[in-house]
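The structure appears below as structure tokens.
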Protein chains: 2
Amino acid sequence: MTKAKKGVRRRTALTKDRVLSAAVKLADSEGIESLSMRKLASRLRVEAMSLYNHVANKDEILDGIVDKIVSEIEVPTVGGDWRVEMHRRSTSAHEVLMRHQWATMLIVSRVNVGPAMLHFVDSTIGCLVEAGFSYAAADHAWNAIDSYVYGFTLQKLNFPFAPEEYAEVAKAYLPQIPEEQYPYLHGMSQEVIAGRHDGLHDLEFGLKLILDGLEELRGS
Amino acid sequence: MTKAKKGVRRRTALTKDRVLSAAVKLADSEGIESLSMRKLASRLRVEAMSLYNHVANKDEILDGIVDKIVSEIEVPTVGGDWRVEMHRRSTSAHEVLMRHQWATMLIVSRVNVGPAMLHFVDSTIGCLVEAGFSYAAADHAWNAIDSYVYGFTLQKLNFPFAPEEYAEVAKAYLPQIPEEQYPYLHGMSQEVIAGRHDGLHDLEFGLKLILDGLEELRGS
DNA sequence: CTTGACTCACTTACAGCGTAAGCGTAGTAT
DNA sequence: ATACTACGCTTACGCTGTAAGTGAGTCAAG
């Protein structure tokens, strides 16, 4: 053992992986806007500039934590029932992205070519192609599914109220949605207040529409 | 006229609207990351802090320019053919968002309750409700469509290559996608290189799936 | 055992950010 | 004339990412 001799206890070595893990933790707990080089360094009991011995710049950290999160998503089984696999893939992605609220934004705002992302995409295309989709059809299908999943997740993350409080929120804001100006928003609010509509948005709804359509497309 | 007397030419008065218009222009031409209070002020030949006489803070500017952009989108006609209107609304939104590349990100990352957005949503719900959808169904439909449109637009904006260069790009990157590791990504790249698949993603594809599904849902 | 190379955390510094606080002046209302 | 308001100005603070340079520790070769 070369370390810890003479009581000059070496700190646990900093590595790129430790940096990225700490970055994920920090973003999860404090929000992505709090992920600064200085705060991240201080979490690691180190100065900001020391991080640059392990990553080129902050962008490399962002790329790294995106790929770390993508690796949490369940990858489709090539050769499995395409519909089951696409469904599982989508719900898993949604769950993971809801766990790491900052991640979707990062995914859709940068080019992601980390190993986890490449593997994820490869398996997705593979599953579709093996199920009889042409490469072109698989490409379109994959793009449509992901567009929806990312868009849905972003909208859900962005919505500032919890499902339980929809009804009271609707009641509180109703005066600001005058019936003459916004008749249908007003109407929908009343549906929510009256409990006839829970106002919940559900990944399943749009996902079913897309997968149904893809099923038909595959048949032809 | 009270201004321009004694040759002490007053500068054109700063207003919130002039600030917002300049902000849109700046974001369009230099990118949203270049939209800083200082740069915006200098475009208006004014100091940064002067802007605060017309807007509370930068967030108010961001909210304002989002609503300005939303007002460019074609609003559905209540009482029109729902499918035609939803289609027009979606393609129009996509076009507008592609014109202002920074706007989608802003829309999906903040709560938008500006007048243009409220009117846009109200008309959308109205069009669907008048076409026979229940409020709950209209809510789900609208959410699914927008999730897809926003997600699709973000992915398209994010893609770093122009359609014309897909084939050569695929050829250039092929070595980095080894067949043993990523067989299907490799396969798809070869389809693109060979010209059998243009690699183009098309808003219509997923939109048709969703609208078809909604049609069926409305029938029942 | 010494020496030199290498690793890696450190300090300092800079330009840019949003914005709080306060000042000065032009124009309007009394 | 006086008071008030509107609004652009300057200054300053704490934050950001990171370029540049320093110095202490580890290790292999002579």
Side-chain angles (χ1 to χ4, degrees), chain A residues 1-24 26-27 29-66 102 105-106 109-110, chain B residues 1-27 29-66 102 105-106 109-111:
Chain A
M1 50 148 69
T2 65
K3 59 182 63 170
K5 87 177 181 187
K6 273 213 251 189
V8 186
R9 58 209 169 300
R10 304 276 293 136
R11 59 192 90 217
T12 13
L14 212 52
T15 62
K16 177 162 177 178
D17 204 69
R18 286 224 312 139
V19 170
L20 294 182
S21 298
V24 169
L26 180 55
S29 63
E30 310 278 324
I32 191 71
E33 71 285 348
S34 292
L35 176 56
S36 75
M37 297 303 274
R38 286 171 231 259
K39 281 192 197 136
L40 177 55
S42 106
R43 284 284 179 106
L44 290 161
R45 319 186 135 274
V46 133
E47 296 302 314
M49 291 311 292
S50 299
L51 301 175
Y52 288 87
N53 288 314
H54 303 277
V55 295
N57 49 37
K58 189 176 177 182
D59 270 4
E60 195 172 307
I61 293 184
L62 296 180
D63 285 340
I65 60 178
V66 163
W102 43 272
M105 214 64 190
L106 242 45
S109 64
R110 52 191 31 245
Chain B
M1 56 147 65
T2 66
K3 60 184 59 169
K5 88 177 180 189
K6 272 213 251 192
V8 185
R9 60 211 171 299
R10 304 274 294 131
R11 60 192 92 218
T12 13
L14 212 52
T15 62
K16 177 161 177 179
D17 204 69
R18 285 221 316 136
V19 170
L20 293 182
S21 298
V24 169
K25 261 196 201 161
L26 180 55
S29 63
E30 310 279 322
I32 191 72
E33 71 286 350
S34 291
L35 175 56
S36 74
M37 297 303 274
R38 286 171 229 257
K39 282 193 197 137
L40 177 55
S42 106
R43 283 283 179 108
L44 290 162
R45 320 186 135 273
V46 134
E47 296 302 314
M49 291 311 292
S50 299
L51 301 176
Y52 288 87
N53 288 315
H54 304 277
V55 296
N57 48 39
K58 188 175 178 182
D59 270 6
E60 196 172 305
I61 293 184
L62 296 180
D63 286 340
I65 60 178
V66 163
W102 43 272
M105 213 64 192
L106 242 44
S109 63
R110 54 193 25 247
V111 180

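Remember, it's a predicted structure, so these values are computed and weren't measured experimentally. Order of the sequence lines fixes the chain letters, A, B, ..., with proteins taken first and strands second; residue numbering starts at 1 for each chain.
Applying the 4.0 Å criterion to OP1 and OP2 of D:dA6, one finds that B:Asn53 has every side-chain N and O outside that range. An OP1 or OP2 oxygen of C:dC10 is reached within less than 4.0 angstrom by a side-chain nitrogen or oxygen of A:Ser50. Checking the phosphate oxygens (OP1, OP2) of C:dA9, a side-chain nitrogen or oxygen of A:His54 falls inside 4.0 Å.
Between the CE atom in B:Met105 and the CG atom in B:Leu62 there is a gap of 13.0 Å [rounded to 0.5 Å].
Under the salt bridge (charged side-chain N to carboxylate O under 4.0 Å, His left out) criterion, B:Arg38 pairs with no residue, sequence neighbours left out.
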Worksheet item: Can you give one letter per nucleotide of nucleotides 13-23 of chain C, going 5' to 3': B for a protein heavy atom under 4.0 Å from the base, S for sugar-phosphate only, - for none?
Response: ----BBBBB--

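When all heavy atoms of A:Ile61 and A:Ala23 are compared, the pair lying nearest together is CG2-CB, 3.8 Å. Between B:Ser29 and B:Arg43, the shortest heavy-atom distance links the atoms OG-NH2, 3.8 Å.
The side-chain heavy atoms of A:Ile65 and A:Trp102, taken from C-beta on, include a pair separated by under 4.5 Å. B:Leu44 has its side chain within reach of B:Leu40: a pair of non-hydrogen atoms, C-beta onward, lies under 4.5 Å apart.
Summarising the geometry, the separation between CG on A:Leu14 and C1' on C:dC10 is reported as 13 Å, rounded to the nearest angstrom. The nearest whole Å value for the distance from the CG atom in A:Leu40 to the P atom in D:dC15 is 17 Å.
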